[in-house]
Amino acid sequence: MKQKRKQSPENQQPADGKLLQWHPAFYADLQIEFREEKEKLKFEREYLLSSKPMAIDVLIIKKKNAEPIHKNIGKIFRKYNIIEYKSPSDSLSVDDFYKVYGYTNFYKADTGKVNEIPIQELTITLVSKRYPRELIRHLKEVHHYTIDNPEEGIYYVIGDILPIQILVTNRLLPEKNLWLYSLTDTLKDMSVTRKLLEDYKKNKEDHLYQAVMEIIVKANENRLKEGKRDMCNALLELMKDELDEKREEGIREGIKEGIKEGESLGENRINQLILKLSELNRTDEILKAAADREYQKKLLKEFGL
């Protein structure tokens, strides 16, 4: 009797014991990546293939089939695009390829009308943090496919009737795919982190950005602590608007030393708050405080700042 292969965990469990939900963050992340062409696409999360527990991670449907997608990770897209995502703690295996290929064929056939979805209108995208060396070797040796690498992190599988691509997120260029590159538990480049925070600052009211940033901060809590000083500087920049408010408060309270000391007081209070939260392993609350002024005031009061 063939023993079942043990599956790697889809969710990563941090120190606080709470599972990190990577798939909802990935679903939000994809919408961020395609933000400049979002009017062309319809996103469906965990598209159910039948009444049984069998679902596609993400289904992206082009609203106008003839209209091309210019985003680098969507250039192969046709009308119906099947996306399979593996969380950072998981890997993309040979069996994953066949599972998704089977799901794609099932999606094509399960319409109630013969050939309602032509095979020429489907594509497959497989997303993994790590390069799937064993799968690539299998595709070359068994199927005699060739692999094209048009740019960093993007691999086209050539030789099948279906356009297939493999996205390796830790090889993507942050300049082109900042959020997908950053959806990881090994974020270590502080220059990338600063760019991420700058972009988040512009979009911090958007629930998609909030969902992705929350999982990134939780997954990289220890790494962010290691680069505490740089991270604090980046978060101070993120919280510039809040600092401006604190400067005004300092002035209103009549600081005798004048405007300069009032500005210094506001900045020092926020800086102290960030450091205290970092020391107490409450890193996720830093971003919450940046986005929610009332919550920030509550924290300042909690720490007597």
Side-chain angles (χ1 to χ4, degrees), residues 12-21 24-25 28-29 32 178-179 182-185 187-305:
Q12 177 183 339
Q13 189 165 2
D16 63 5
K18 295 181 180 178
L19 287 176
L20 299 182
Q21 300 298 325
D29 200 315
I32 292 172
L178 176 63
W179 285 85
S182 302
L183 189 62
T184 180
D185 55 357
L187 191 62
K188 52 189 175 183
D189 189 332
M190 290 307 301
S191 65
V192 172
T193 305
R194 288 192 200 95
K195 289 177 183 176
L196 191 71
L197 289 168
E198 287 169 5
D199 197 38
Y200 178 73
K201 179 183 176 182
K202 300 173 191 172
N203 301 280
K204 62 183 181 180
E205 303 302 324
D206 190 316
H207 72 280
L208 295 175
Y209 289 82
Q210 293 169 6
V212 180
M213 183 59 86
E214 181 180 2
I215 197 77
I216 291 173
V217 170
K218 286 183 178 179
N220 293 276
E221 185 174 359
N222 291 332
R223 292 177 180 275
L224 296 180
K225 285 179 195 170
E226 290 169 6
K228 187 185 297 182
R229 181 169 297 179
D230 286 339
M231 178 54 64
C232 285
N233 290 337
L235 288 168
L236 281 170
E237 179 59 29
L238 173 66
M239 298 170 74
K240 183 177 182 301
D241 292 341
E242 286 71 24
L243 284 174
D244 289 342
E245 181 181 318
K246 295 305 170 188
R247 290 183 183 120
E248 291 176 9
E249 279 184 17
I251 294 169
R252 286 197 299 269
E253 290 168 6
I255 298 177
K256 295 179 182 180
E257 290 77 8
I259 294 175
K260 185 175 180 180
E261 187 172 339
E263 292 177 348
S264 176
L265 175 63
E267 185 166 343
N268 286 338
R269 291 172 73 193
I270 300 299
N271 199 12
Q272 289 175 46
L273 175 61
I274 292 170
L275 288 172
K276 283 185 177 294
L277 290 172
S278 297
E279 290 166 359
L280 294 171
N281 297 329
R282 293 166 63 178
T283 315
D284 55 321
E285 293 183 61
I286 296 174
L287 288 170
K288 185 176 179 181
D292 187 336
R293 293 189 181 186
E294 290 303 316
Y295 188 71
Q296 181 190 125
K297 290 177 182 177
K298 178 183 174 183
L299 290 174
L300 287 168
K301 185 175 179 181
E302 176 183 341
F303 293 109
L305 298 174

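Side chains are part of it too, since the values below use all heavy atoms of this structure and drop only hydrogens, waters and symmetry mates. Start at 1 with the first residue, then count along the sequence.
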Side chain to side chain, K188 and N220, heavy atoms closer than 4.5 Å: no

query: Quick one: are D199 and Y209 in side-chain contact, heavy atoms under 4.5 Å?
result: yes

message: Looking at E214 and K218, is any side-chain nitrogen of the basic one under 4.0 Å from a carboxylate oxygen of the acidic one?
response: yes

In Å and rounded to the nearest 0.5 Å, what is the [atom1] to [atom2] distance from [X] to [Y]?
X    : Y    : atom1 : atom2 : value
L208 : D29  : CG    : CG    : 9.5 Å
L183 : L178 : CG    : CG    : 11.5 Å
L196 : K201 : CG    : NZ    : 14.0 Å
W179 : N203 : CH2   : CG    : 7.5 Å

Taking every non-hydrogen atom, the tightest pair across K204 and Q210: O-NE2, 2.8 Å

query: Of the non-hydrogen atoms in A25 and V212, which two are nearest, and what is the gap between them?
result: O-CG2, 3.4 Å

message: For D189, give me all partners under side-chain hydrogen bond (donor to acceptor under 3.5 Å, both in side chains), at least two apart in sequence or on another chain.
response: S191

